[in-house]
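Nothing fancy with the numbering, it's 1 onward along the sequence. Note that the structure is a prediction, hence the values are computed from the model and not measured.
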Amino acid sequence: ERSSLARAYVRTIAFLERFLVGEGSNDDLYSHLRTVGELVQQDTLDAKKVDALSLWKMLALLGYVAVDEQDEALFSLPFPEAVLLVDDSKIKFLIKTATDSIIQSHL
């Protein structure tokens, strides 16, 4: 499971590179990346949930996706708590939202 979490973290970092064009400093984004990196070391959460939520939250922090009221907890709770709210249907939603954002932004 640890290697899966590590892949999720690497994917988040690689994904981030595409969306930082023209962005200034972002303390919330930096904090999010630190948190995900710490979770990888702890090896306590499901990698698929971490991966999907991390990418979605990063896009939300950068303003590429809107946070609907029903998803506010995923955005505002501490990341480890938010991951616990993610189920299989939410993973699909988060991935679809991220994919749509990539297509719409042409990145």
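- Within the model, atoms CG of L61 and CH2 of W56 stand 8.5 Å from one another, a figure rounded to the nearest 0.5 Å.
- Checked by atom type and distance alone, the side chain of S76 pairs as donor or acceptor with a backbone atom of E72 at under 3.5 Å.
- T99 places a side-chain N or O within donor-acceptor distance of the main-chain N or O of I95, the cut-off being under 3.5 Å.
- Looking only at distances, a side-chain donor or acceptor of D87 sits under 3.5 Å from a matching main-chain atom of S89.
- Rounded to the nearest 0.5 angstrom, I102 CD1 and L59 CG are separated by 6.5 Å.
- The CG atom of L45 sits 6.0 Å away from the CG atom of L84 when rounded to the nearest 0.5 Å.
- A 4.5 Å side-chain heavy-atom check between L55 and L94 finds every atom pair outside the cut-off.
- In this structure, D88 does not pair ionically with K92, as no charged nitrogen and carboxylate oxygen lie closer than 4.0 Å.
- Distance check: S54 OG to L33 CG gives 7.0 Å after rounding to the nearest 0.5 Å.
- Taking the side chain as every heavy atom from C-beta outward, L62 and L29 approach each other to under 4.5 Å.
- Taking all atoms of both residues into account, the shortest heavy-atom contact from A82 to A73 is CB-O, 4.1 Å.
- In this structure, the separation between OG1 on T35 and OH on Y30 is 10.5 Å, given to the nearest 0.5 Å.
- Listed for the K57 side chain is a donor-acceptor partner under 3.5 Å among the backbone atoms of F75.
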Between V83 and D46, does a side-chain contact (heavy atoms from CB on, under 4.5 Å) hold up when you go through it step by step?
CA-CA 8 Å; V83 170; D46 180 271; 5.6 Å; no
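- One distance of note links CZ of F79 with CG of L39; it measures 6.5 Å at 0.5 Å rounding.
- With respect to the salt-bridge test (charged N to carboxylate O, under 4.0 angstrom), the residues D71 and K90 qualify.
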